[in-house]
Amino acid sequence: MVSRAYTVAFQGVEARMVEVQCAVTAGLPAFSIVGLPDKAVSEARDRVRTALTSMAIALPSKRITVNLSPANLPKEGSHFDLPIAFALLAALDILPDDVTQSVVALGELSLDGTLVPVVGALPAAMAAAEQGRSLLCPHGSGAEAAWVGDAEVIAARTLGDVVRHYSGQTPLPPATPGEVTLGPSKHDLREVKGQERAKRALEIAAAGRHHLMFVGAPGSGKSMLAARLPGILPPLSAPEALETSMIHSLAGLLDEGGISRARPFREPHHTASMAAIIGGGRQAKPGEVSLAHNGVLFMDEFPEFARTVLETLRQPIETGEVMIARANAHVKYPCKFMLVAAANPCKCGYLSDPARACARVPQCGEDYLGRISGPLMDRFDLRVDVPPVAFSDLDLPASGESSAVVATRVAQARNIQLKRFHGSHGLMVNADATGDLLEEIATPDTEARALLSKVAERFQLSARGYHRVIRVARTIADLDGSAEVRRPHIAEAVSFRLAAPVFA
């Protein structure tokens, strides 16, 4: 007789169903696992055997064969421990076979039978819901998995709890969704002295999810401004939180007992490799662009990143997804992020300061920012020159609006966009609008169109640049509460496109 249980194997954010078949047959005593397992899965037999021994369950002196079907799908990770033990318990007539077939299980076993949390509980729960099965997982993974309301989630602490639950001795209550509540942001926009234009650009970028670039001398406040961006962004909606958390679950970042509504803010170092930024490695794991999905990717010292890394950003910025192609896997991850870049105007950093500029001006700045290709630069909607702050200004009291006030306006603009794109699949903010839809929602009036035509001809805007100006103008109009895109909105959008002299 062959007993069956079910688990999942991960391919990107997709969890593919795997049938765990277990047969106990006559023959020399052996415990073998087949079905293209990796080293961690092959080692499961020793963990399962010892965990069952700790429960006073002795394996029979027979041949135990576990097959992971489909056999041509690579099986990676330690989460196969629990489903293998689950199927083996059914083969030993300790648990009913019909019960094990109605459950999707995943979890790592300690030698004493304790269940260890594993990555991927959230995508596994989604797969279980699609199959009409319940999910069995370790207690530490239950809070995140329970966010999928269509599947019952049983979160057990030990293998003994699993046996007692499914044998009816001590039923476990279903797990409840857990949410990590973060306190108020420690960073406030009022702490930034001056830089009103940069603050305005930050607000526009947050409202429409536009890509933003700061260029300024060292110490002018570029990183300080970027650090305050999470404080003005609205929280993730429930679908966004679920989508983002599925990626974080695969990366093992959900370790606080639930998922968070805070938007991701990723800031990789400029020495990061292409696999770290885009994703990849032996198991084609998500990179920083995917971990920043529905949030912010802040890249400080932008020109210092490797040229190959910067150029690979071009396609994800446009499409909102990244395909990682390897010899043994083709994995697609979503990556709709807001790119915020910061750079010095030149290698020494003082190109715009006449008192400190080096003798190589302007060649110094052209060489340094020339590391950023034209096509990549063209993808930034807002470009801001951040001038240095005078020492006298630093002694002044905090001024300007707080993050809470700006966040309210951003939230109102986002709500307008949600209503505008209601019913449009995959569209939530102005940065997503393309083609006929962009023409429909952001057609400038006569005066605004005349101004835009002059600017496009005078500065030789590309088609991409032309459309990005219109998108930014639509966001500025939303912040202004205007139903139409007018001349002042176009003028402000153009000013951010052509603001800094270093971009000319």
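Any value given below was found using the heavy atoms of this structure, including those in side chains, with hydrogens, waters and symmetry copies removed. Nothing fancy with the numbering, it's 1 onward along the sequence.
In plain terms, the two heavy atoms of Ile259 and Ser245 that are nearest each other are CB-OG, 3.3 Å. Nearest approach of Leu115 to Ala156, heavy atoms of both residues: CD1-O, 3.5 Å. Contact between Ala15 and Ala127 at its shortest, heavy atoms only, is O-CB, 3.7 Å. Pairing each heavy atom of Val469 with each of Arg497, the nearest pair is CG2-CD, 3.9 Å. Taking both residues in full, the closest heavy atoms of Asn344 and Leu369 are given as O-CD2, 3.8 Å, listed atom of the first, atom of the second, then distance. When all heavy atoms are compared, the tightest approach of Gly295 to Arg263 is CA-CB, 4.2 Å.
Within the 4.5 Å cutoff, no side-chain heavy atoms of Val485 are placed close to those of Ile470. Taking 4.5 Å as the limit, every side-chain heavy atom of Val119 sits out of range of all side-chain heavy atoms of Leu250. A heavy-atom distance below 4.5 Å is not found between the side chains of Leu229 and Phe298. The shortest side-chain heavy-atom distance between Arg197 and Phe496 falls under the 4.5 Å cut-off. Between His248 and Leu291, some side-chain heavy-atom pair lies under the 4.5 Å cut-off. Residues Glu318 and Arg314 fail the side-chain proximity criterion, which asks for heavy atoms closer than 4.5 Å. At least one side-chain heavy atom of Cys137 sits less than 4.5 Å from a side-chain heavy atom of Val153. The shortest side-chain heavy-atom distance between Leu339 and Met299 falls under the 4.5 Å cut-off.
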Exercise for the section: Please test Asp81 against Val116 for side chain to side chain contact (heavy atoms under 4.5 Å, CB included), starting from the C-alpha separation and ending with a verdict. Expected result: CA-CA 10 Å; Asp81 292 5; Val116 180; over 6 Å; no
Handout entry: Test log, rule side chain to side chain contact (heavy atoms under 4.5 Å, CB included), inputs Val331 and Lys285
Key = CA-CA 9 Å; Val331 180; Lys285 291 293 185 182; over 6 Å; no
Exercise for the section: Test Leu159 against Leu82 for side chain to side chain contact (heavy atoms under 4.5 Å, CB included), laying out the working first. Expected result: CA-CA 8 Å; Leu159 187 58; Leu82 181 57; 3.8 Å; yes
Exercise for the section: Show your reasoning for whether side chain to side chain contact (heavy atoms under 4.5 Å, CB included) applies to Met246 and Val148. Expected result: CA-CA 11 Å; Met246 285 179 67; Val148 181; over 6 Å; no
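Applying the side chain to side chain donor-acceptor pair (under 3.5 Å) rule to Ser223 yields the partners Asp300; only residues at least two apart in sequence or on another chain are considered.
Under a cut-off of 6.0 angstrom, the local environment of CZ in Arg157 is sparse, with at most 12 non-hydrogen atoms contributed by other residues, nucleotides or ligands.
Looking at Thr475 and His210, their side chains do bring a donor and an acceptor atom within 3.5 Å of each other. A donor-acceptor contact closer than 3.5 angstrom links the side chains of Ser249 and Glu144. Side-chain N/O atoms of Ser134 and Glu152 include no donor and acceptor closer than 3.5 Å.
Rounding to the nearest 0.5 Å places CG of Leu73 at 5.0 Å from CZ of Arg16.
Ring geometry for Phe380 against Phe302 counts as perpendicular: the plane angle is over 60°, on a 0 to 90° scale with 30° as the lower cut.
No donor-acceptor pair closer than 3.5 Å links the side chain of Asp188 to the backbone N or O of Ser402.
Each of Arg449, Glu484, Arg474 was compared with Pro444 under the side chain to side chain contact (heavy atoms under 4.5 Å, CB included) criterion, and only Arg449 meets it. Of the candidates Arg409, Arg200, Arg190, Glu401 forms a salt bridge (charged side-chain N to carboxylate O under 4.0 Å, His left out) with just one, namely Arg409.
Arg486 and Asp480 are not joined by a salt bridge, as no carboxylate oxygen comes within less than 4.0 angstrom of a charged side-chain nitrogen. Residues Arg468 and Asp378 are not paired through a salt bridge, judged by the lack of any N-O separation under 4.0 Å between the basic side chain and the carboxylate. Ion pairing between Glu14 and Lys332 fails under the 4.0 Å rule for side-chain N and carboxylate O.
Geometrically, Arg266 does not engage Phe337 in a cation-pi contact, judged by NZ or CZ lying under 6.0 Å from the ring centre and within 45° of the ring axis.
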